[in-house]
Amino acid sequence: MEKIIIVVAVLPLISALLIQLFAGQMGRGIARLSVAFTTVSFLLAVVLLSLSLAGHDPLAITLGNSTAIMLFDPLSTLLATIILGISLIVHLYSVRYMAEEDAYGQFFVLLDLMTAALLFMVIAGDLVTLVIAWYLVGVLLYFLLGHDTRSQTAYRFAFWTLITYRIGDIPLILAAALLFNAYDTWSLTIIFTEIMANPDAHQVMGMPLTEVVAALIGLAAFARSAQFLLHTWLPYTMDGPTPVSALMHAGIVNAGGFLINRFAPVFIHSGDVLNWIFIVGLITAVFGSLLMLTQNDIKKALGYSTMGQMGFMIMECGIGAFSLAIYHMFAHGVFKG
(Lines give C-alpha, C1' and ligand atoms only; values in the text may rest on other atoms or scores of the structure.)
Protein backbone atom coordinates (compact mmCIF):
# COMPACT_ATOMS: atom_id res chain seq x y z
CA MET A 1 0.00 0.00 0.00
CA GLU A 2 2.63 2.55 1.08
CA LYS A 3 4.85 1.74 -1.90
CA ILE A 4 1.97 2.05 -4.36
CA ILE A 5 1.06 5.52 -3.08
CA ILE A 6 4.63 6.75 -3.43
CA VAL A 7 5.11 5.15 -6.86
CA VAL A 8 1.90 6.75 -8.21
CA ALA A 9 3.21 10.22 -7.35
CA VAL A 10 6.83 9.64 -8.35
CA LEU A 11 6.35 7.98 -11.77
CA PRO A 12 5.51 11.27 -13.59
CA LEU A 13 8.65 12.82 -12.08
CA ILE A 14 10.78 9.90 -13.34
CA SER A 15 9.19 10.25 -16.77
CA ALA A 16 10.00 13.98 -16.90
CA LEU A 17 13.62 13.29 -15.88
CA LEU A 18 14.10 10.54 -18.49
CA ILE A 19 12.65 12.71 -21.25
CA GLN A 20 14.92 15.59 -20.27
CA LEU A 21 17.97 13.30 -20.32
CA PHE A 22 17.26 11.29 -23.47
CA ALA A 23 15.20 13.63 -25.66
CA GLY A 24 18.10 13.99 -28.10
CA GLN A 25 18.54 10.24 -28.60
CA MET A 26 14.86 9.19 -28.62
CA GLY A 27 13.43 11.96 -30.79
CA ARG A 28 9.63 11.73 -31.10
CA GLY A 29 9.74 8.43 -29.18
CA ILE A 30 9.79 10.37 -25.93
CA ALA A 31 6.03 10.79 -26.26
CA ARG A 32 5.53 7.01 -26.04
CA LEU A 33 7.69 6.93 -22.92
CA SER A 34 5.61 9.66 -21.28
CA VAL A 35 2.35 7.93 -22.21
CA ALA A 36 3.62 4.61 -20.84
CA PHE A 37 4.59 6.07 -17.46
CA THR A 38 1.28 7.93 -17.18
CA THR A 39 -0.64 4.75 -18.01
CA VAL A 40 1.12 2.75 -15.30
CA SER A 41 0.56 5.52 -12.76
CA PHE A 42 -3.14 5.69 -13.70
CA LEU A 43 -3.60 1.92 -13.30
CA LEU A 44 -1.95 2.01 -9.87
CA ALA A 45 -4.22 4.92 -8.88
CA VAL A 46 -7.23 2.79 -9.89
CA VAL A 47 -5.92 0.05 -7.57
CA LEU A 48 -5.68 2.57 -4.71
CA LEU A 49 -9.19 3.84 -5.42
CA SER A 50 -10.50 0.27 -5.38
CA LEU A 51 -8.89 -0.35 -2.01
CA SER A 52 -10.38 2.86 -0.66
CA LEU A 53 -13.86 1.96 -1.93
CA ALA A 54 -13.46 -1.49 -0.38
CA GLY A 55 -13.23 0.19 3.03
CA HIS A 56 -9.47 0.33 3.61
CA ASP A 57 -8.71 2.64 6.53
CA PRO A 58 -7.18 6.08 5.73
CA LEU A 59 -3.41 6.03 5.98
CA ALA A 60 -0.84 8.80 6.51
CA ILE A 61 2.67 7.91 5.33
CA THR A 62 5.63 9.96 6.53
CA LEU A 63 8.52 10.07 4.06
CA GLY A 64 11.65 9.24 6.08
CA ASN A 65 12.53 11.82 8.71
CA SER A 66 11.02 14.71 6.74
CA THR A 67 7.80 16.58 7.41
CA ALA A 68 6.37 15.33 4.11
CA ILE A 69 3.30 13.12 4.54
CA MET A 70 1.39 11.25 1.84
CA LEU A 71 -2.29 10.79 2.65
CA PHE A 72 -4.33 7.78 1.52
CA ASP A 73 -8.03 8.52 1.93
CA PRO A 74 -11.14 8.55 -0.31
CA LEU A 75 -10.63 12.18 -1.40
CA SER A 76 -6.97 11.79 -2.37
CA THR A 77 -7.42 8.47 -4.20
CA LEU A 78 -10.47 9.65 -6.15
CA LEU A 79 -8.85 12.90 -7.28
CA ALA A 80 -5.53 11.17 -8.08
CA THR A 81 -7.42 8.76 -10.34
CA ILE A 82 -9.30 11.61 -12.06
CA ILE A 83 -6.12 13.65 -12.55
CA LEU A 84 -4.20 10.72 -14.03
CA GLY A 85 -7.12 9.61 -16.21
CA ILE A 86 -7.51 13.05 -17.77
CA SER A 87 -3.75 13.50 -17.97
CA LEU A 88 -3.47 10.20 -19.86
CA ILE A 89 -6.08 11.37 -22.39
CA VAL A 90 -4.23 14.68 -22.78
CA HIS A 91 -0.93 12.81 -23.25
CA LEU A 92 -2.42 10.61 -25.98
CA TYR A 93 -3.94 13.60 -27.75
CA SER A 94 -0.67 15.56 -27.53
CA VAL A 95 1.41 12.87 -29.27
CA ARG A 96 0.15 13.99 -32.69
CA TYR A 97 -1.26 17.43 -31.87
CA MET A 98 2.11 18.79 -30.72
CA ALA A 99 4.19 16.87 -33.29
CA GLU A 100 5.00 19.98 -35.35
CA GLU A 101 6.21 21.97 -32.35
CA ASP A 102 9.94 22.59 -32.00
CA ALA A 103 9.97 22.10 -28.24
CA TYR A 104 8.20 18.72 -28.41
CA GLY A 105 10.24 17.14 -25.63
CA GLN A 106 9.98 20.18 -23.37
CA PHE A 107 6.18 20.08 -23.63
CA PHE A 108 6.02 16.51 -22.36
CA VAL A 109 8.46 17.33 -19.57
CA LEU A 110 6.17 20.16 -18.44
CA LEU A 111 3.08 17.96 -18.83
CA ASP A 112 4.59 15.24 -16.63
CA LEU A 113 5.74 17.78 -14.05
CA MET A 114 2.25 19.32 -13.95
CA THR A 115 0.72 15.88 -13.44
CA ALA A 116 3.15 15.21 -10.59
CA ALA A 117 2.46 18.59 -8.96
CA LEU A 118 -1.31 17.99 -9.08
CA LEU A 119 -0.84 14.52 -7.59
CA PHE A 120 1.31 15.78 -4.72
CA MET A 121 -1.25 18.51 -4.09
CA VAL A 122 -4.17 16.09 -3.65
CA ILE A 123 -2.28 13.43 -1.67
CA ALA A 124 -0.43 15.91 0.55
CA GLY A 125 -0.93 15.10 4.22
CA ASP A 126 1.00 18.08 5.54
CA LEU A 127 0.85 21.83 5.05
CA VAL A 128 4.38 22.19 3.64
CA THR A 129 3.87 19.69 0.80
CA LEU A 130 0.43 21.16 0.06
CA VAL A 131 1.73 24.75 -0.19
CA ILE A 132 4.72 23.77 -2.35
CA ALA A 133 2.59 21.70 -4.74
CA TRP A 134 -0.05 24.46 -4.87
CA TYR A 135 2.65 26.98 -5.81
CA LEU A 136 4.28 24.74 -8.43
CA VAL A 137 0.97 24.14 -10.22
CA GLY A 138 0.75 27.87 -10.89
CA VAL A 139 4.35 28.13 -12.10
CA LEU A 140 4.09 25.12 -14.41
CA LEU A 141 0.80 26.36 -15.83
CA TYR A 142 2.53 29.62 -16.75
CA PHE A 143 5.15 27.74 -18.78
CA LEU A 144 2.54 25.46 -20.41
CA LEU A 145 0.27 28.34 -21.42
CA GLY A 146 3.24 30.25 -22.81
CA HIS A 147 4.70 27.22 -24.58
CA ASP A 148 4.34 28.89 -27.97
CA THR A 149 6.88 31.67 -27.49
CA ARG A 150 5.92 33.18 -30.86
CA SER A 151 2.48 34.20 -29.56
CA GLN A 152 2.57 37.47 -27.64
CA THR A 153 -1.09 37.04 -26.64
CA ALA A 154 -0.44 33.62 -25.11
CA TYR A 155 2.55 34.96 -23.20
CA ARG A 156 0.65 38.03 -21.93
CA PHE A 157 -2.27 36.06 -20.54
CA ALA A 158 0.00 33.33 -19.17
CA PHE A 159 1.73 36.05 -17.17
CA TRP A 160 -1.63 37.43 -15.97
CA THR A 161 -2.60 33.92 -14.84
CA LEU A 162 0.68 33.67 -12.93
CA ILE A 163 0.01 36.97 -11.14
CA THR A 164 -3.54 35.92 -10.21
CA TYR A 165 -2.30 32.61 -8.87
CA ARG A 166 0.36 34.36 -6.78
CA ILE A 167 -2.41 36.49 -5.24
CA GLY A 168 -4.12 33.25 -4.27
CA ASP A 169 -0.92 31.77 -2.81
CA ILE A 170 -0.58 34.42 -0.10
CA PRO A 171 -3.76 33.53 1.87
CA LEU A 172 -2.86 29.81 1.81
CA ILE A 173 0.63 30.51 3.16
CA LEU A 174 -0.83 32.70 5.90
CA ALA A 175 -3.37 30.00 6.81
CA ALA A 176 -0.61 27.37 7.00
CA ALA A 177 1.49 29.64 9.24
CA LEU A 178 -1.44 30.30 11.59
CA LEU A 179 -2.26 26.60 11.88
CA PHE A 180 1.34 25.65 12.58
CA ASN A 181 1.68 28.41 15.16
CA ALA A 182 -1.47 27.21 16.93
CA TYR A 183 -0.96 23.43 16.81
CA ASP A 184 2.84 23.13 16.44
CA THR A 185 2.57 20.53 13.66
CA TRP A 186 2.39 20.49 9.88
CA SER A 187 0.28 17.31 9.81
CA LEU A 188 -3.21 17.93 8.43
CA THR A 189 -4.57 14.82 10.15
CA ILE A 190 -3.44 15.97 13.60
CA ILE A 191 -4.63 19.54 13.02
CA PHE A 192 -8.08 18.42 11.86
CA THR A 193 -8.42 16.00 14.79
CA GLU A 194 -7.66 18.76 17.30
CA ILE A 195 -10.02 21.19 15.58
CA MET A 196 -12.85 18.65 15.64
CA ALA A 197 -12.21 18.00 19.34
CA ASN A 198 -12.09 21.68 20.34
CA PRO A 199 -12.77 24.17 17.51
CA ASP A 200 -12.64 27.24 19.79
CA ALA A 201 -9.29 26.46 21.41
CA HIS A 202 -7.37 29.21 19.58
CA GLN A 203 -8.01 32.78 18.54
CA VAL A 204 -6.37 35.30 16.20
CA MET A 205 -6.80 38.98 17.08
CA GLY A 206 -9.92 38.18 19.08
CA MET A 207 -11.50 36.06 16.33
CA PRO A 208 -11.78 32.25 16.28
CA LEU A 209 -8.84 30.67 14.47
CA THR A 210 -11.18 28.47 12.44
CA GLU A 211 -13.01 31.52 11.05
CA VAL A 212 -9.76 33.27 10.06
CA VAL A 213 -8.24 30.16 8.48
CA ALA A 214 -11.47 29.35 6.63
CA ALA A 215 -11.59 32.89 5.20
CA LEU A 216 -7.97 32.65 4.03
CA ILE A 217 -8.51 29.22 2.47
CA GLY A 218 -11.62 30.57 0.75
CA LEU A 219 -9.63 33.45 -0.80
CA ALA A 220 -6.96 31.04 -2.05
CA ALA A 221 -9.65 28.85 -3.59
CA PHE A 222 -11.33 31.83 -5.27
CA ALA A 223 -8.18 32.78 -7.18
CA ARG A 224 -7.52 29.23 -8.36
CA SER A 225 -11.14 28.48 -9.32
CA ALA A 226 -11.78 31.78 -11.15
CA GLN A 227 -14.41 33.21 -8.82
CA PHE A 228 -15.86 36.67 -9.48
CA LEU A 229 -13.27 39.51 -9.52
CA LEU A 230 -10.49 36.91 -9.70
CA HIS A 231 -11.88 35.28 -12.83
CA THR A 232 -10.32 37.40 -15.58
CA TRP A 233 -7.41 35.02 -16.25
CA LEU A 234 -9.56 32.02 -17.21
CA PRO A 235 -11.40 33.06 -20.41
CA TYR A 236 -8.30 34.63 -21.93
CA THR A 237 -5.88 31.73 -21.64
CA MET A 238 -7.22 30.03 -24.75
CA ASP A 239 -4.22 30.93 -26.91
CA GLY A 240 -2.22 28.23 -25.14
CA PRO A 241 -2.02 24.71 -26.64
CA THR A 242 -5.37 22.90 -26.74
CA PRO A 243 -4.08 19.97 -24.58
CA VAL A 244 -3.17 22.50 -21.89
CA SER A 245 -6.65 24.03 -22.06
CA ALA A 246 -8.13 20.56 -21.59
CA LEU A 247 -5.96 19.80 -18.57
CA MET A 248 -6.57 23.24 -17.10
CA HIS A 249 -10.36 23.16 -17.42
CA ALA A 250 -10.59 19.52 -16.37
CA GLY A 251 -8.20 19.51 -13.44
CA ILE A 252 -6.25 22.62 -12.52
CA VAL A 253 -9.21 24.97 -12.13
CA ASN A 254 -10.83 22.41 -9.79
CA ALA A 255 -8.05 22.95 -7.27
CA GLY A 256 -10.09 25.57 -5.41
CA GLY A 257 -12.91 23.11 -4.84
CA PHE A 258 -10.43 20.48 -3.71
CA LEU A 259 -8.83 22.89 -1.22
CA ILE A 260 -12.14 23.74 0.44
CA ASN A 261 -13.04 20.06 0.65
CA ARG A 262 -9.67 19.14 2.11
CA PHE A 263 -10.21 21.73 4.85
CA ALA A 264 -13.86 20.74 5.40
CA PRO A 265 -13.20 20.07 9.15
CA VAL A 266 -12.31 23.77 9.44
CA PHE A 267 -15.23 25.05 7.37
CA ILE A 268 -17.93 23.14 9.26
CA HIS A 269 -17.03 25.27 12.29
CA SER A 270 -17.11 28.49 10.24
CA GLY A 271 -20.74 29.14 9.35
CA ASP A 272 -20.29 32.83 8.54
CA VAL A 273 -17.47 32.08 6.11
CA LEU A 274 -19.57 29.39 4.40
CA ASN A 275 -22.34 31.95 3.86
CA TRP A 276 -19.81 34.30 2.27
CA ILE A 277 -18.48 31.50 0.07
CA PHE A 278 -22.03 30.66 -1.05
CA ILE A 279 -22.69 34.28 -2.09
CA VAL A 280 -19.44 34.53 -4.08
CA GLY A 281 -20.19 31.21 -5.77
CA LEU A 282 -23.72 32.35 -6.63
CA ILE A 283 -22.49 35.61 -8.21
CA THR A 284 -19.83 33.71 -10.16
CA ALA A 285 -22.28 31.07 -11.39
CA VAL A 286 -24.73 33.67 -12.70
CA PHE A 287 -22.04 35.94 -14.13
CA GLY A 288 -20.14 33.13 -15.86
CA SER A 289 -23.26 31.48 -17.28
CA LEU A 290 -24.57 34.77 -18.72
CA LEU A 291 -21.24 35.69 -20.29
CA MET A 292 -20.98 32.22 -21.81
CA LEU A 293 -24.18 32.89 -23.77
CA THR A 294 -22.81 36.12 -25.27
CA GLN A 295 -19.60 34.67 -26.76
CA ASN A 296 -19.07 33.98 -30.46
CA ASP A 297 -15.75 32.24 -29.84
CA ILE A 298 -16.21 28.59 -28.77
CA LYS A 299 -13.09 28.53 -26.60
CA LYS A 300 -14.10 31.67 -24.70
CA ALA A 301 -17.59 30.23 -24.32
CA LEU A 302 -16.05 27.10 -22.78
CA GLY A 303 -13.94 29.33 -20.53
CA TYR A 304 -16.94 31.20 -19.17
CA SER A 305 -18.83 27.92 -18.92
CA THR A 306 -16.07 26.60 -16.66
CA MET A 307 -16.24 29.78 -14.61
CA GLY A 308 -19.99 29.28 -14.15
CA GLN A 309 -19.56 25.62 -13.18
CA MET A 310 -16.87 26.53 -10.66
CA GLY A 311 -19.36 29.00 -9.19
CA PHE A 312 -21.92 26.23 -8.75
CA MET A 313 -19.26 24.01 -7.15
CA ILE A 314 -18.27 26.74 -4.68
CA MET A 315 -21.98 27.28 -3.91
CA GLU A 316 -22.25 23.59 -3.03
CA CYS A 317 -19.32 23.98 -0.64
CA GLY A 318 -21.03 27.06 0.82
CA ILE A 319 -24.09 25.05 1.89
CA GLY A 320 -21.87 22.31 3.32
CA ALA A 321 -22.59 19.82 0.52
CA PHE A 322 -18.95 18.79 0.22
CA SER A 323 -19.67 15.34 -1.26
CA LEU A 324 -21.88 16.93 -3.93
CA ALA A 325 -19.08 19.38 -4.78
CA ILE A 326 -16.66 16.47 -5.25
CA TYR A 327 -19.13 14.73 -7.57
CA HIS A 328 -19.58 18.00 -9.50
CA MET A 329 -15.79 18.34 -9.73
CA PHE A 330 -15.49 14.80 -11.11
CA ALA A 331 -18.35 15.12 -13.60
CA HIS A 332 -17.31 18.54 -14.87
CA GLY A 333 -13.65 17.55 -15.14
CA VAL A 334 -14.34 14.48 -17.27
CA PHE A 335 -16.89 16.31 -19.45
CA LYS A 336 -14.78 19.40 -20.04
CA GLY A 337 -11.59 17.41 -20.61
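In what follows, every heavy atom counts, from backbone to side chain, and hydrogens, waters and symmetry copies are set aside. Here the structure is a predicted model, which is why all the values come from computation and not from measurement.
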Practice prompt. Could you check Met248 against Thr306 for side-chain contact (heavy atoms from CB on, under 4.5 Å), going step by step and ending with a plain yes or no?
Written response: CA-CA 10 Å; Met248 180 173 66; Thr306 296; over 6 Å; no

Fill in: Evaluation steps, side-chain contact (heavy atoms from CB on, under 4.5 Å), between Phe267 and Ile217
CA-CA 9 Å; Phe267 281 97; Ile217 295 295; 3.7 Å; yes

Discussion item. For Phe287 and Tyr304: C-alpha separation, side-chain torsions, deciding distance, then whether ring pair (Phe, Tyr, Trp, His ring centres under 6.0 Å) applies.
Written reply: CA-CA 9 Å; Phe287 191 71; Tyr304 281 114; 7.4 Å; no

Discussion item. Run the side-chain contact (heavy atoms from CB on, under 4.5 Å) test on Val137 and Met114 for me, step by step, so that the C-alpha distance in whole Å, both residues' side-chain angles and the decisive distance to 0.1 Å come before the verdict.
Written reply: CA-CA 6 Å; Val137 167; Met114 174 61 82; 4.0 Å; yes

Worksheet item: So Leu141 and Val244, side-chain contact (heavy atoms from CB on, under 4.5 Å) or not? Walk me through it.
Response: CA-CA 8 Å; Leu141 181 59; Val244 178; 4.2 Å; yes

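Taking both residues in full, the closest heavy atoms of Ala285 and Met315 are given as CB-SD, 4.1 Å, listed atom of the first, atom of the second, then distance. Nearest heavy atom pair, residue Leu216 against residue Ala175, reads CD1-N, 3.7 Å. Between Gly168 and Ala223, the shortest heavy-atom distance links the atoms CA-CB, 3.6 Å. Taking each heavy atom of Leu162 and Arg166 in turn, the nearest pair found is CD1-NH1, 2.7 Å. Contact record, Ala221 with Gly256: CB-O, 3.4 Å, taken as the closest heavy-atom pair. Taking each heavy atom of Ala9 and Pro12 in turn, the nearest pair found is O-CD, 3.4 Å.
Using bins of under 30°, 30° to 60° and over 60° for the plane-to-plane angle, the ring pair Phe330/Tyr327 lands in the tilted bin.
The hydrophobic cluster containing Phe335 does not contain Leu78, counting ILVMFWY residues as joined when their side-chain heavy atoms lie under 4.5 angstrom apart, directly or transitively. Leu71 and Leu130 fall into different hydrophobic clusters, defined by Ile, Leu, Val, Met, Phe, Trp and Tyr side-chain heavy atoms under 4.5 Å apart, directly or through other members. Phe263 and Ile190 are members of different hydrophobic clusters when ILVMFWY side chains are connected at heavy-atom separations under 4.5 Å. Note on Val95: it clusters hydrophobically with Phe22, by side-chain heavy-atom contacts below 4.5 Å among ILVMFWY residues. Under a hydrophobic clustering in which Ile, Leu, Val, Met, Phe, Trp and Tyr are joined whenever their side-chain heavy atoms come within less than 4.5 Å, directly or via other members, Leu51 and Leu79 fall into the same cluster.
A heavy-atom distance below 4.5 Å is not found between the side chains of Leu113 and Phe143. Thr185 is not listed as a side-chain neighbour of Phe180, based on a closest heavy-atom distance of 4.5 Å or more. Side chains of Met121 and Ile83 form no contact here, defined as non-hydrogen atoms less than 4.5 Å apart. Here the side chains of Ile69 and Ile61 are not in contact, with every heavy-atom distance at 4.5 Å or above. Met307 has its side chain out of reach of Met310: every pair of non-hydrogen atoms, C-beta onward, lies at least 4.5 Å apart. With contacts defined as side-chain heavy-atom distances shorter than 4.5 Å, the pair Val213/His269 does not qualify. Phe222 is not listed as a side-chain neighbour of Phe228, based on a closest heavy-atom distance of 4.5 Å or more. A 4.5 Å side-chain heavy-atom check between Phe157 and Leu145 finds every atom pair outside the cut-off.
Between the side chain of Ser270 and the backbone N or O of Val266 there is at least one donor-acceptor pair closer than 3.5 Å. With hydrogens and angles disregarded, a donor-acceptor distance shorter than 3.5 Å links the side chain of Thr294 to the backbone of Leu291. With hydrogens and angles ignored, the 3.5 Å screen pairs no side-chain donor or acceptor of His91 with any backbone N or O of Ile89. Between the side chain of Arg224 and the backbone N or O of Trp134, at least one donor-acceptor pair lies under 3.5 Å. Using a distance-only test at 3.5 Å, with no hydrogens or angles considered, no donor-acceptor pair links the side chain of Thr38 to the main chain of Leu88. Here the side chain of Ser187 pairs no donor or acceptor atom with the backbone of Asp126 at under 3.5 angstrom. Formation of a donor-acceptor pair under 3.5 Å by the Asn254 side chain with backbone atoms of Gly257 is not found in this model. In this structure a side-chain-to-backbone donor-acceptor pair under 3.5 Å is present from Ser50 to Val46.
For Ile132, the side chain to side chain contact (heavy atoms under 4.5 Å, CB included) partners at least two apart in sequence or on another chain are Val128, Leu136. With sequence neighbours excluded, the residues that form a side chain to side chain contact (heavy atoms under 4.5 Å, CB included) with Ser52 are Phe72, Pro74, Thr77.
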For residues 272-281, dump all side-chain donor-acceptor pairs below 3.5 Å to protein atoms at least two apart in sequence or in another chain.
from: Asn275; atom 1: ND2; to: Gly271; atom 2: O; distance (Å): 3.4

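Applying side-chain hydrogen bond (donor to acceptor under 3.5 Å, both in side chains) to Asp112 and the options Ser87, Ser15, Ser41 leaves one that passes, Ser15. Evaluated for a ring pair (Phe, Tyr, Trp, His ring centres under 6.0 Å) with Trp233, the options Trp160, Tyr165, Phe159 yield exactly one hit, Tyr165.
The number of heavy-atom neighbours closer than 6.0 Å to CZ of Arg32, taken from other residues, nucleotides and ligands shown, is 12 or below. At most 12 heavy atoms of other shown residues, nucleotides or ligands fall within 6.0 angstrom of atom CD in Gln20. Annotation for Tyr135: atom OH does not count as buried by contact number, only 12 or fewer foreign heavy atoms lying within 6.0 Å.
Rounding to the nearest 0.5 angstrom, the gap separating the CZ atom in Phe107 from the CD1 atom in Ile19 is 11.0 Å. Ser245 OG to Ile252 CD1: the interatomic distance, rounded to the nearest 0.5 Å, is 9.5 Å. Here His332 contributes atom NE2 and Ile82 contributes atom CD1; the two are 12.5 Å apart, rounded to the nearest 0.5 Å. Distance CZ/Phe312 to CG/Leu324: 12.0 Å, rounded to 0.5 Å. Note: Ile173 CD1 to Leu178 CG = 12.0 Å, rounded to the nearest 0.5 Å. Here the OG1-CG distance, from Thr189 to Asp73, works out to 8.0 Å after rounding to the nearest 0.5 Å.
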